[in-house]
Amino acid sequence: VEADREKISFRMQVYEATAPHRTVLDLFAGKGYLSWLYAKHGCEHLICVEKNSRYFKALKRNLSEFKDKVSLYNMDNLRWLENHLNVEEPITYVDFDAYGSPALQIQRFFAKYPVRQVMAICLTDGLIFNFRRASNANLRKLYLQDFYLEGLAGKPGEPLSIQNLGEYVFQIQRGFLDILAMRFGFQAYPLYFKVNRRRTVAYSAYLLLPKLVGDADFKRYVGLRVAK
């Protein structure tokens with residue numbers, strides 16, 4: 001799964017289209033297949049977080065040639081976000097490449113990190129897998145909204161069609177980003193959404209921009225007097 005060529009192709013298209021990058025954050029770094037490409041293709045600083053000790057050893061070996069611009073952490077990514085995320089770090093690209101759902105990590109990231117510049121985020125999301133296997137995951141807690149499966153499934157756990165399910169999952173994910181954007185003051189625009197060939201996860205990317213200022217804020221910004 002980690003070296004999926006389709007995923008790598010989508011990731012690198014977004015990465016190159018939104019370059020140059022100052023700091024890249026890879027929260028699910030694994031053995032470093034994508035991290036190596038990010039370091040190779042021009043970021044100033046790469047932060048990689050990987051919990052699995054065996055994967056982390058491989059990650060260190062694979063990124064050894066970039067040691068001057070790479071920071072590696074062998075720890076849980078939620079704990080890293082809580083204790084090590086620096087809000088002054090100029091992050092322009094984040095990879096949420098989860099095996100399951102990255103929703104908690106996304107919530108924790110934006111609860112702490114303000115979007116002050118253009119940023120691209122890429123997701124690998126196992127939400128579609130939860131639907132197909134009738135998982136007992138608390139999807140409402142993860143995605144901050146209710147789920148309505150009626151009409152999407154024939155027999156329990158069997159979607160009417162993968163296309164309909166993919167479209168519904170995209171709506172859920174888009175709604176999730178919109179909720180976070182309103183809550184934490186940024187704008188989010190989808191760049192792509194694609195269910196993988198094995199129909200177990202979805203690959204997607206979003207372009208984030210700082211929140212547009214209001215009229216009074218704009219007047220202050222350009223030095224005009226604001227009527228009281």
Side-chain angles (χ1 to χ4, degrees), residues 1-2 4 7 11 14 21-35 38-39 43 45-60 62-63 70-116 119-131 133 135-145 147 169 172-186 188 200-206 208:
V1 174
E2 192 171 8
D4 187 310
K7 176 177 70 176
R11 289 292 205 275
V14 171
H21 291 290
R22 299 186 66 186
T23 297
V24 171
L25 173 59
D26 191 348
L27 278 174
F28 299 81
K31 297 177 182 178
Y33 294 110
L34 284 164
S35 304
Y38 298 151
C43 66
H45 183 207
L46 174 64
I47 302 172
C48 296
V49 185
E50 175 51 47
K51 181 179 180 180
N52 185 291
S53 297
R54 182 166 58 88
Y55 285 0
F56 186 76
K57 290 179 181 178
L59 176 68
K60 288 180 67 176
N62 290 334
L63 295 180
V70 172
S71 300
L72 304 178
Y73 295 84
N74 183 199
M75 63 189 301
D76 177 78
N77 52 29
L78 287 172
R79 189 160 60 89
W80 185 89
L81 288 168
E82 187 64 31
N83 298 319
H84 296 280
L85 177 61
N86 179 5
V87 298
E88 299 302 323
E89 186 79 43
I91 298 173
T92 56
Y93 183 98
V94 186
D95 194 327
F96 296 98
D97 187 21
Y99 286 106
S101 168
L104 288 179
Q105 286 79 4
I106 294 170
Q107 290 186 48
R108 188 75 58 87
F109 176 80
F110 288 113
K112 188 169 183 179
Y113 190 89
V115 178
R116 300 192 185 98
M119 179 190 300
I121 64 171
C122 289
L123 286 62
T124 300
D125 195 334
L127 171 63
I128 193 168
F129 185 76
N130 288 326
F131 277 130
R133 295 297 180 90
S135 169
N136 61 355
N138 188 339
L139 297 176
R140 191 183 193 285
K141 179 181 178 181
L142 291 174
Y143 295 92
L144 309 176
Q145 57 200 295
F147 287 70
V169 170
I172 290 292
Q173 192 182 89
R174 176 81 182 271
F176 172 59
L177 266 297
D178 285 344
I179 291 169
L180 293 178
M182 288 186 288
R183 183 175 292 179
F184 299 116
F186 61 89
T200 55
V201 298
Y203 303 138
S204 58
Y206 294 81
L208 309 184

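We're numbering straight along the sequence, starting at 1.
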Interatomic distance, [X] atom [atom1] to [Y] atom [atom2] [nearest 0.5 angstrom]:
{"X": "Ser204", "Y": "Leu177", "atom1": "OG", "atom2": "CG", "answer": "7.5 Å"}
{"X": "Lys7", "Y": "Asp97", "atom1": "NZ", "atom2": "CG", "answer": "3.5 Å"}
{"X": "Phe176", "Y": "Leu127", "atom1": "CZ", "atom2": "CG", "answer": "10.5 Å"}
{"X": "Leu208", "Y": "Arg116", "atom1": "CG", "atom2": "CZ", "answer": "14.5 Å"}
{"X": "Thr23", "Y": "Glu88", "atom1": "OG1", "atom2": "CD", "answer": "12.0 Å"}
{"X": "Phe28", "Y": "Leu123", "atom1": "CZ", "atom2": "CG", "answer": "9.0 Å"}

What's the shortest heavy-atom distance between [X] and [Y], and which atoms?
{"X": "Arg11", "Y": "Thr124", "answer": "NH2-OG1, 2.8 Å"}
{"X": "Asn138", "Y": "Lys141", "answer": "OD1-N, 3.0 Å"}
{"X": "Arg108", "Y": "Leu78", "answer": "NH1-O, 3.5 Å"}
{"X": "Ala205", "Y": "Val14", "answer": "CB-CG2, 3.8 Å"}
{"X": "Ala39", "Y": "Cys43", "answer": "CA-SG, 4.1 Å"}
{"X": "Ser35", "Y": "Leu46", "answer": "O-CD2, 3.4 Å"}

key: Working for side chain to side chain contact (heavy atoms under 4.5 Å, CB included), residues Tyr38 and Asp95   = CA-CA 10 Å; Tyr38 298 151; Asp95 194 327; 2.5 Å; yes

Under 3.5 Å donor-acceptor, [X] side chain and [Y] backbone:
{"X": "Asn77", "Y": "Leu27", "result": "yes"}
{"X": "Asn74", "Y": "Glu50", "result": "yes"}
{"X": "Lys112", "Y": "Glu82", "result": "yes"}
{"X": "Asp125", "Y": "Ser101", "result": "no"}

message = Once side chain to side chain donor-acceptor pair (under 3.5 Å) is applied, do any residues pair with Gln107, and if so which ones, sequence neighbours excluded?
response =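 Testing Gln107 for side chain to side chain donor-acceptor pair (under 3.5 Å), a comparison that skips the adjacent residues, returns none.
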
ask   = Heavy-atom distance under 4.5 Å between the side chains of Phe109 and Ile121, does that happen here?
value =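 A side-chain contact is absent here, since even the closest heavy-atom pair is not under 4.5 Å.
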
ask   = Is there a side-chain contact between Leu180 and Phe186, using heavy atoms and a 4.5 Å cut-off?
value =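 The answer is yes, as the side chains (C-beta and beyond) meet within the 4.5 Å cut-off.
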
task = Applying side chain to side chain contact (heavy atoms under 4.5 Å, CB included), run through Cys122 and Tyr93 and close with a yes or a no.
result = CA-CA 8 Å; Cys122 289; Tyr93 183 98; 3.3 Å; yes

task = Tell me yes or no: between the side chains of Tyr113 and Glu89, is some donor less than 3.5 Å from an acceptor?
result =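 The criterion, which ignores hydrogens and geometry beyond distance, is not satisfied for Glu89 and Tyr113.
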
request  = Would you please classify the geometry between the Phe110 ring and the Phe96 ring as parallel, tilted or perpendicular, with 30° and 60° separating the classes?
outcome  =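 Correct class here is tilted.
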
message = Please verify the inter-ring angle class for Trp80 with Tyr73; under 30° counts as parallel, over 60° as perpendicular, anything in between as tilted.
response =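 Because their plane-to-plane angle is over 60°, the rings of Trp80 and Tyr73 count as perpendicular.
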
ask   = With a cut-off of 6.0 Å (strictly less than), are more than 12 heavy atoms of other residues, nucleotides or ligands near NZ of Lys57?
value =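 Open: at most 12 neighbouring heavy atoms sit under 6.0 Å from NZ of Lys57.
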
query = For Lys60, which residues count as a side-chain contact (heavy atoms from CB on, under 4.5 Å) partner, sequence neighbours excluded?
reply =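 Phe56, Leu72.
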
